[in-house]
Novice: 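First, the structure itself, so that you have it in front of you.
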Amino acid sequence: MNKRAFNFNAGPAAIPLEVLERAQAEFVDFQGTGMSIMEMSHRGAVYESVHDEAQKRLLGLLGAPVGYKVLFLTGGASTQFAMLPLNFLTEGKTAGYVRTGSWSDKAIAEARLIGETYIAASSEDDKFMSVPDLHQLQIPENAAYLHVTSNETIEGTQFKEFPDTGSTPLIVDMSSDILSRSLDVNRFDLIYAGAQKNLGPSGVTVVIAREELLQNSPKHIPTVLRYDTHFKNNSLYNTPPAFSIYMVNQVLKWIEEQGGLTGIEALNVKKADLLYQAIDQSSGFFRGCVAESSRSNMNVTFRLSSEDIEKKFIKESEQEGFVGLKGHRSVGGLRASIYNAVPYDTVKALVDFMAEFQRKNG
Ligand SMILES: *Cc1c(COP(=O)(O)O)cnc(C)c1O
């Protein structure tokens with residue numbers, strides 16, 4: 001077997017080895033067609049069955065009730081930042097955004113180009129090192145939707161619960177924690193995520209939404225940016241990112257094999273506990289960045305006592321086969337992204353490396 005890196009990349013990120021190997025086995029000749037899945041028509045029966053299977057698996061894993069639909073779109077979660085207000089933030093309405101850090105702010109900036117917005121809650125006062133309490137939200141009557149970023153990938157925070165928004169649609173960017181834990185889908189009206197963190201390779205963005213939200217886009221916006229175009233055409237209005245969708249289907253199958261969302265959640269909690277305990281029990285040598293109750297189980301951010309020693313940590317970790325431990329350039333420090341596909345043993349190897357590094361430098 002090839003050597004596998006201890007991969008803590010934030011995105012694109014690790015994909016389960018089993019999935020890569022299965023994809024490799026059917027790469028050149030997909031199901032006896034004499035073609036790769038990348039080489040065939042997206043209107044043919046072979047591709048369409050993969051497309052439909054991926055949608056069904058996703059709804060099945062989420063336990064979504066009847067009335068939810070999956071779209072496969074392109075342009076990343078960043079394109080959703082624009083599509084959401086284009087489709088829903090119509091004249092006379094305002095869109096609520098919860099400010100939690102880097103990604104929420106990008107979503108807000110796009111919405112402001114389109115229409116009126118308000119900040120429903122913010123953790124700016126805490127430098128985004130926690131998530132705001134959403135229990136007492138006042139939602140204006142003319143709110144088009146409330147937008148929440150479930151997991152801030154860069155800061156390393158995560159919501160553990162979600163607000164009840166009544167009749168106002170709750171829209172959640174789950175790019176960095178989708179399918180990492182069980183969820184009551186009924187509480188959400190639209191969920192979206194770029195695939196490259198927890199679902200597979202980059203190239204496809206999934207949208208899971210109540211069907212009624214997807215059926216009536218304003219008539220003046222461009223065809224390809226309308227949810228109703230993709231809804232009516234089962235995400236086959238234009239050529240979909242077929243290989244990425246095929247890979248997502250494989251990852252979904254792998255999640256089913258891990259025991260679905262309850263199985264994967266148990267594993268994720270075990271990995272995150274191991275790493276946070278190593279940080280908390282280092283007598284201050286490593287310091288977690290985020291308030292304990294807001295800590296992300298996907299992106300673990302931490303610091304050392306100086307930037308020099310952080311640089312040393314990163315350099316030596318790379319020499320030992322660890323990848324992606326440098327924090328995002330906008331916040332510095334260290335970050336270990338431990339998405340679904342990062343094995344427990346990889347996290348254990350990091351914890352052992354950290355202990356050894358502290359022994360030599362503490
Ligand atoms: C990575 C990320 C994005 C941006 O995704 P792209 O697919 O690169 O557009 C948006 N939101 C969150 C929470 C992310 O982690």
Side-chain angles (χ1 to χ4, degrees), residues 7-15 70-86 95 97-113 122-123 128-132 145-160 162 170-181 183 188 190-209 224-225 230 235 240-241 243-245 247-248 251 268 289-290 294-301 324 326-331 335-342:
N7 186 350
F8 294 95
N9 279 327
I15 291 177
V70 172
L71 303 181
F72 294 128
L73 305 179
T74 54
S78 301
T79 297
Q80 296 312 300
F81 295 165
M83 274 178 76
L84 292 169
L86 278 170
Y97 280 79
V98 176
R99 280 194 76 196
T100 42
S102 310
W103 288 115
S104 69
D105 280 0
K106 289 209 160 151
I108 296 165
E110 287 302 294
R112 285 187 174 147
L113 297 172
S122 172
S123 54
F128 301 123
M129 290 300 113
S130 61
V131 293
Y145 56 82
L146 180 80
H147 182 281
V148 176
T149 308
S150 57
N151 185 84
E152 281 285 2
T153 323
I154 292 174
E155 286 79 3
T157 60
Q158 186 177 32
F159 280 100
K160 306 297 170 187
F162 293 90
L170 175 62
I171 294 182
V172 181
D173 177 0
M174 285 195 195
S175 291
S176 50
D177 68 351
I178 190 167
L179 300 190
S180 69
R181 53 182 169 177
L183 210 68
F188 304 90
L190 188 152
I191 292 168
Y192 66 99
Q196 68 273 19
K197 281 134 191 170
N198 240 348
L199 292 177
S202 62
V204 63
T205 308
V206 304
V207 172
I208 303 135
V224 77
L225 297 177
H230 300 288
S235 304
F243 189 73
S244 296
I245 292 167
M247 286 294 286
V248 167
V251 170
N268 285 332
C289 299
V290 166
S294 299
R295 284 174 162 180
S296 168
N297 282 351
M298 296 282 101
N299 308 98
V300 177
T301 50
K326 196 166 186 279
H328 191 268
R329 60 189 182 281
S330 62
V331 293
R335 171 176 56 175
S337 297
I338 50 172
Y339 300 122
N340 289 352
V342 175

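Just so you know, ligand 1 is whichever comes first in the structure, and atom 1 is the first atom listed for that ligand.
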Novice: What I want to check is whether the side chains of Asn198 and Ser180 have a donor and an acceptor closer together than 3.5 Å.
Specialist: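 Not at all, the side chains of Asn198 and Ser180 share no donor-acceptor pair under 3.5 Å.
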
Novice: Quick one: side chains of residues 70-81, donor-acceptor pairs under 3.5 Å with protein atoms, not counting sequence neighbours, listed by atom name and distance.
Specialist:
unit_1, atom_1, unit_2, atom_2, d
Thr79, OG1, Gly75, O, 2.6
Gln80, OE1, Tyr227, OH, 2.5

Novice: Listed by chain and number, what are the ring pair (Phe, Tyr, Trp, His ring centres under 6.0 Å) partners of Phe8, not counting sequence neighbours?
Specialist: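 Per chain and number, Phe8 pairs via ring pair (Phe, Tyr, Trp, His ring centres under 6.0 Å) with no residue.
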
Novice: At a heavy-atom distance under 4.0 Å, which protein residues reach ligand 1? Sort them by chain and number, would you?
Specialist: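 Answer by chain and number: Gly76, Ala77, Ser78, Phe81, Trp103, Thr149, Asn151, Thr153, Asp173, Ser175, Ser176, Gln196, Lys197.
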
Novice: Any side-chain donor-acceptor pair under 3.5 Å between Asn299 and Asn151?
Specialist: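 Yes.
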
Novice: Do Phe128 and Ser122 pass the side chain to side chain contact (heavy atoms under 4.5 Å, CB included) test, and can you show the C-alpha distance, the side-chain angles, and the key distance before you say yes or no?
Specialist: CA-CA 8 Å; Phe128 301 123; Ser122 172; 4.2 Å; yes

Novice: Holding to side chain to side chain donor-acceptor pair (under 3.5 Å), I want the full list of residues that pass it with Thr301, two or more places apart in sequence or in another chain.
Specialist: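 Counting only residues at least two positions away or on another chain, Thr301 forms no side chain to side chain donor-acceptor pair (under 3.5 Å).
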
